[in-house]
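What you are looking at is a predicted structure, and each value in this text was computed from that prediction instead of being measured. Residue numbers begin at 1 in each chain, while the letters A, B, ... track the order of the sequences.
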Amino acid sequence: MLEINELSVHYGGIHALQGITMKVEEGRIVTLIGANGAGKSTALRATVGLVKATAGTVVWNGTKLTGMPTKDIVTLGIALVPEGRRIFANLTVEENLILGAYTRTNRQEIRSDMDRVFELFPRLKERIRQKGGTLSGGEQQMLAVARALMAKPKLIMMDEPSLGLAPMISKMIFDIIRTINKSGTTVLLVEQNAKAALEIADYGYVLETGRIALEGPGKELLADDRVRKAYLGEAQG
Amino acid sequence: MQVPAFEWIKNLMTFTLFLQHIVNALSLGSLYALLAIGYTMVYGILRLINFAHGDIFMIGAYVAFYGTALFVLPWWASLLISIVFTALFGIGLERVAYKPLRDSPRISIMISAIGASFLLENLAVLIFGGRPKGVEVPKVMGQVLNIGSVSFLGVSLFIPIITFGLFVLLMWIVNGTKTGIAMRAVSTDIETSRLMGIDVNRVVSFTFGLGSLLAAFGGIMWSYKYPQLNPLMGVMPGLKCFIAAVIGGIGNIGGAVLGGLLLGIIEIMIVAFFPTLSGYRDAFAFILLIIVLLVKPTGLLGKRQAEKV
Ligand SMILES: Nc1ncnc2c1ncn2[C@@H]1O[C@H](COP(=O)(O)OP(=O)(O)OP(=O)(O)O)[C@@H](O)[C@H]1O
Ligand SMILES: [Mg+2]
């Protein structure tokens, strides 16, 4: 279980996260929604140690992650699919996947996981020798997810995986998220597409300018007036 | 019309001479290539011009010199010791002079590199002495080999061969191993590399170690070819090899080799065929640089890439 307690992050003078508290229980899909600049990415980046927390802690199954180098956090079984995909453009699809499994040593297991990932994303298999930079946006997102899966994470965090994707591909990504979760991986999902995210989430948090404004089971948040008005684009009525 | 016999013989002679120049050019070019690889690898990973790289080359040569001259080790043993020592030295240099500045503005780390270079040169004067030292060239390296009518020093033949071997090994490391993939990943996106669980510091150290090792080897071979050491011996080769790396397309290992070979070949050939110009031999590198950059600003094998700032 991931516990985020009173987490604060500053960028220079900007107080981007102002003491947020969240819980991600094992086996769940938890979503974090909020407007642009609310601090969603910052929360994920602080969790994996890419930005420093100025106060508060992140605890993973009893281990304090705050202050640990990213590579050690990743080794504990936490993977992040970063915002904007960030695949290695000059490396092939296969090399990107090999790097996803960088912390692992059992070659046979890595091989069979790669096959499993290709079952999930057959289009990546067809492009195994292609440079990452030559993939389409949707394919790059698939690769970003596939690369994170290669780490065999216990918790996968995804930062706006549906951003900029056609509805078809976007739906496919959400289906995959569910599949990944069914196979036992805990998911923390950051999304702009609040409706799709809340529909598949067990629990959700709403972030507003660095603070948690609302939280609750996905279905409840979907029905909440404030959420409907602010994030689901529905007129008041 | 028949060519008179003496004319034919004269042509043969120039051809022999030409072959001899080729061997010389290849060996000088290989030495340049060895040094240029280090510039290009470090730049590829950290976007840093390691101005002290030429001094690493000098240190490699001195350590091997003291191995044989002071500790009376066989030449191959002091060569190995020097290569290992210099690789560790390069790693240490990065830790002390560059790592603390990795998140500072680019200009700070460049200035630190220039400072490191001056420091090493002055320390070398202090420790090794400013007076040039004569190197005792190992027999295999100093012997004169004759193939047909072409004769040259052993070292001139060994350099290109060993360089080629090292290059193949390096390409295998970079393209065929997990560490190599990690190196290429770090060179494009350090943050995402961290997310993969890559220990970026280790990859950077590995890169410095590898570059310094090749520079040490180059320095030692240089000292067998031109058997005299002085604390500033790395300055001019360092500058030229940085240019070679830029000519080939900085960040590209194949490009560094190409640039180094090109520079070596052109330098030797111009000196051989236009002896009156030999006083300007160090200027050719700059002229070539200007020409190449005018025609192809990214260097011969370089690809356009967004500058990471
Ligand atoms: N590296 C940075 N330096 C300075 N300010 C930053 C930095 N990164 C983020 N911020 C600021 O912190 C706040 C939160 O940013 P963050 O990226 O976490 O938002 P977000 O919720 O992920 O937004 P989006 O939905 O647009 O991705 C914003 O005001 C942003 O401008
Ligand atoms: Mg974001």
Visitor: Using every non-hydrogen atom in the two residues, find where A/Val74 and B/Leu195 come nearest and quote the distance to one decimal.
Guide: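 Of all heavy-atom pairs spanning A/Val74 and B/Leu195, the closest is CG2-O, 3.3 Å.
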
Visitor: Which bit of A/Arg85 comes within less than 4.5 Å of chain B, counting heavy atoms only: side chain, backbone, both or neither?
Guide: neither

Visitor: For B/Arg194 versus A/Thr70, what's the shortest heavy-atom pair and its separation?
Guide: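 For B/Arg194 and A/Thr70, the tightest heavy-atom pair comes out as O-CG2, 3.5 Å.
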
Visitor: Counting only heavy atoms not in B/Asp103 (residues, nucleotides, ligands), do more than 12 fall under 6.0 Å from its CG?
Guide: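 No, because the 6.0 Å sphere around CG of B/Asp103 holds 12 heavy atoms or fewer from other groups.
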
Visitor: Looking at A/Glu126, I want to see if its CD is surrounded by more than 12 non-hydrogen atoms of other residues, nucleotides or ligands under 6.0 Å.
Guide: yes

Visitor: Please give me the minimum heavy-atom distance between A/Leu99 and B/Met196, naming the atom from each residue.
Guide: O-CB, 3.5 Å

Visitor: Working to the nearest 0.5 angstrom, can you tell me the gap between B/Lys178 NZ and A/Thr105 OG1?
Guide: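 It is 7.0 Å, given to the nearest 0.5 Å.
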
Visitor: Locate the shortest heavy-atom distance separating B/Gly197 from A/Tyr102; write the atom from each residue and the value.
Guide: O-CD2, 3.7 Å

Visitor: Measure distances from B/Asn175 to the heavy atoms of chain A and classify the residue's part below 4.5 Å as side chain, backbone, both or neither.
Guide: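 It is the backbone, since no side chain atom gets that close.
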
Visitor: Against chain B, label A/Ala79 side chain, backbone, both or neither, depending on which of its atoms sit under 4.5 Å from a heavy atom there.
Guide: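 It is neither, since no heavy atom gets under 4.5 Å.
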
Visitor: Are there over 12 heavy-atom neighbours, none belonging to B/Phe164, within less than 6.0 Å of that residue's CZ?
Guide: no

Visitor: Below 4.5 Å from any heavy atom of chain B, which atoms of A/Ile98 appear? Answer side chain, backbone, both or neither.
Guide: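 Side chain only.
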
Visitor: Hey, is CG on B/Leu294 packed in by over 12 heavy atoms from elsewhere, all under 6.0 Å?
Guide: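 Counting other residues, nucleotides and ligands, CG of B/Leu294 exceeds 12 neighbours.
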
Visitor: To check you understand the geometry: which heavy-atom pair defines the closest contact between A/Asn90 and B/Arg184, and what is its length?
Guide: ND2-O, 3.8 Å

Visitor: Do A/Lys71 and B/Arg202 come close enough that some side-chain heavy atom pair is under 4.5 Å?
Guide: no

Visitor: Is atom NZ of A/Lys52 surrounded by more than 12 heavy atoms (other residues, nucleotides or ligands) closer than 6.0 Å?
Guide: no

